[in-house]
2 protein chains.
Amino acid sequence: MVISFTEENYLKAIYTLSNQYDWVEVSTNQISAHLKNKAATVTDMLKRLSEKKLIAYKPYQGVKLTDKGKRTAITVVRKHRLWEVFLVDKLNFKWDEVHDIAEQLEHIHSDELIEKLDDFLGRPKSDPHGDPIPDANGKFSNKRSILLSSGVKKGSYVVTGVTDHSTSYLQYLTQLGISLGFQLKIEEINEYDQSLKIKINNKQSNFISHKAASHLLVEQRS
Amino acid sequence: MVISFTEENYLKAIYTLSNQYDWVEVSTNQISAHLKNKAATVTDMLKRLSEKKLIAYKPYQGVKLTDKGKRTAITVVRKHRLWEVFLVDKLNFKWDEVHDIAEQLEHIHSDELIEKLDDFLGRPKSDPHGDPIPDANGKFSNKRSILLSSGVKKGSYVVTGVTDHSTSYLQYLTQLGISLGFQLKIEEINEYDQSLKIKINNKQSNFISHKAASHLLVEQRS
DNA sequence: CTTTAAATTTAGACTAGTCTAAAAATTTGT
DNA sequence: ACAAATTTTTAGACTAGTCTAAATTTAAAG
Ligand SMILES: [Mn+2]
Ligand SMILES: [Mn+2]
Ligand SMILES: [Mn+2]
Ligand SMILES: [Mn+2]
């Protein structure tokens with residue numbers, strides 16, 4: 001069965017939203033907002049995806065991916081993230097420059113290609129934003145990171161990922177001197193606005209707002 | 001101006017045919033045969049490309065690319081050939097396996113990407129089939145190769161390219177032991193059917209038909 | 001120079017993917 | 001429990017790209 005570029009994007013959107021909201025049904029409006037399409041357009045597509053057994057769709061009740069749909073979505077995610085690694089590691093793009101190009105590359109159809117690319121890149125476990133890369137069978141190696149915003153104590157952490165992939169956020173982090181794998185030592189927690197004072201890799205200290213911290217994934221160290 | 005995937009394929013087809021037939025106008029039927037679309041479909045597209053000033057189109061009189069159309073076509077060709085180099089040199093694909101994947105990759109839109117890819121590959125001058133790769137300005141370094149079929153004499157030649165990119169032809173050459181850059185010594189020319197007996201890289205000798213020879217580009221050596 | 005054949009275009013129809021406006025169903029608030 | 005607000009679906013329309021069948025134009029043959 002042939003799955004179009006557009007259909008792949010819907011499946012990926014449903015997967016991402018579903019993942020975000022604890023695997024409950026995803027609503028038409030959520031998909032509509034995510035893809036910046038009108039709700040009526042989404043309904044049309046849901047009917048087609050349902051026809052193809054890629055989603056389970058009950059009118060007015062939201063949708064869930066079928067196993068087939070989930071497999072397809074994970075493959076697209078896998079391709080997206082592997083291409084991002086290629087762009088950063090091999091072509092020297094910055095981490096804030098690769099998302100849009102990967103949005104195109106993720107739709108290239110060739111199993112051979114993606115496996116050879118994976119080999120060439122040394123079978124990376126995560127992409128330039130710290131997101132895990134599923135293996136050829138769709139399995140993720142689950143990593144237990146927490147958000148820098150939620151209930152952290154003073155102490156040492158290491159940056160493992162971001163949950164906002166926007167250019168502006170990534171550039172802001174770069175400007176602050178924060179990259180993946182860097183050590184962050186929380187020196188102060190401001191009760192009033194939840195902002196943090198952090199020392200970055202034992203060098204400069206910077207303030208970071210609650211909002212900015214809420215998109216930064218870290219693991220405790222110490 | 002945004003140029004679609006489909007439009008890019010038409011421009012590339014017109015470029016290729018135009019190139020083949022000495023830069024005279026290309027006919028609707030030629031494009032139709034090349035793209036395996038119906039003539040009526042081609043006519044529709046020619047009107048749209050003409051509207052966008054990518055081709056000069058006079059009904060019933062065939063088409064030529066405008067400068068803008070030619071630049072676009074050459075960019076697509078450049079991308080196709082660079083991606084083929086990537087697939088063969090970096091991902092270890094065989095030369096007969098890369099064309100279809102490159103047909104997809106050639107439509108990825110990003111100037112940054114193609115320049116960085118070119119750098120990464122070491123600014124190659126030709127693709128895995130010996131076809132020249134235009135530079136970022138669309139300039140080809142012109143190479144003067146001849147077909148192994150046309151009026152060759154006994155003597156030494158080196159393989160510089162092929163004019164048939166089909167998997168079956170490329171696999172046939174591989175089976176014969178012929179690759180790009182290999183030396184071919186013509187030992188016999190059979191007057192009757194124009195077939196040749198050639199020694200390959202000073203190793204085995206093989207017979208090659210006129211038809212097979214007529215798609216093999218070579219340069220004289222000696 | 002006419003007739004016939006071939007090439008090309010036009011007309012009309014279809015699918016995928018999108019939209020707006022209106023109708024229907026569900027959820028929320030009192 | 002019922003009215004109002006919100007969400008979702010339906011209806012109808014549009015574009016890009018494709019097709020078949022018919023009409024038109026150009027080229028070839030006698
Ligand atoms: Mn991304
Ligand atoms: Mn990413
Ligand atoms: Mn090719
Ligand atoms: Mn090639």
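Proteins come first, then strands; the chains are lettered A, B, ... in the order of their sequence lines, and each starts at number 1. The basis for the numbers below is simple: all heavy atoms, side chains too, and nothing from hydrogens, waters or symmetry mates. Keep in mind it's a predicted model, so treat the numbers as computed, not measured.
- In the displayed structure, B/Lys94 atom NZ is contacted under 6.0 Å by at most 12 heavy atoms of other residues, nucleotides or ligands.
- Side-chain N/O atoms of A/His34 and A/Gln30 include no donor and acceptor closer than 3.5 Å.
- Residues B/Gly62 and A/Thr41 both approach DNA chain C. Their nearest nucleotides, taken by heavy-atom distance, put B/Gly62 toward the 5′ side.
- Between C/dG17, D/dT8, D/dC19, one nucleotide has an atom nearer to the side chain of A/Ser4 than all others, and that is C/dG17.
- With hydrogens and angles ignored, the 3.5 Å screen pairs a side-chain donor or acceptor of B/Arg78 with a backbone N or O of B/Pro134.
- What separates CG of B/Asp44 from P of D/dA21 is a distance of 17 Å, to the nearest Å.
- Closest approach to the A/Ser27 side chain among D/dT10, C/dG17, D/dT8 is made by D/dT8 (side chain taken as heavy atoms from C-beta onward).
- Contact annotation: B/Arg48 does not reach the phosphate of D/dA16 (side-chain N/O to OP1 or OP2, under 4.0 Å).
- Checking C/dT10, D/dT10, D/dT18 against every side-chain atom of B/Lys47, the shortest atom distance belongs to C/dT10.
- Within 6.0 Å of atom CG in A/Asp193, more than 12 heavy atoms from other residues, nucleotides or ligands are found, so the atom counts as buried in its surroundings.
- Side-chain atoms of B/Ser214 come within 3.5 Å of backbone atoms of B/Lys211 as a donor-acceptor pair (strictly under, hydrogens ignored).
- The separation between B/Phe5 atom CZ and D/dT15 atom P is 23 Å, rounded to whole Å.
- Phosphate contact (OP1/OP2 of C/dA7, side-chain N/O of B/Thr28, threshold under 4.0 Å): absent.
- Straight-line distance from the NZ atom of B/Lys52 to the P atom of D/dG17: 7 Å, rounded to whole Å.
- Distances shown here put a side-chain N or O of B/Asn29 below 4.0 Å from the OP1 or OP2 atom of C/dT8.
- Within 4.0 Å (heavy atoms only), A/Thr6 reaches sugar-phosphate atoms of the nucleic acid but no base atom.
- Minimum atom distance to the side chain of A/Ala40 is reached by D/dT10, of the listed C/dT26, D/dT18, D/dT10.
- Distance, A/Lys58 NZ to C/dT26 P: 12 Å, rounded to whole Å.
- Atom OH in A/Tyr57 sits roughly 12 Å away from atom C1' in C/dA25 (whole-Å rounding).
- The side chain of B/Tyr60 lies closest to D/dT24 when the candidates are D/dC19, D/dT24, D/dT9.
- In this entry the distance linking CE of B/Met45 with P of C/dT10 reads 16 Å, nearest Å.
- Between B/Lys38 atom NZ and C/dT10 atom C1' there is a gap of 17 Å when expressed in whole angstrom units.
- Between B/Pro59 and A/Tyr10, the residue anchored nearer the 5' end of DNA chain C, judged by the nucleotide with its closest heavy atom, is B/Pro59.
- Going from atom CD of A/Glu7 over to atom P of C/dA16 covers 9 Å, rounded to whole Å.
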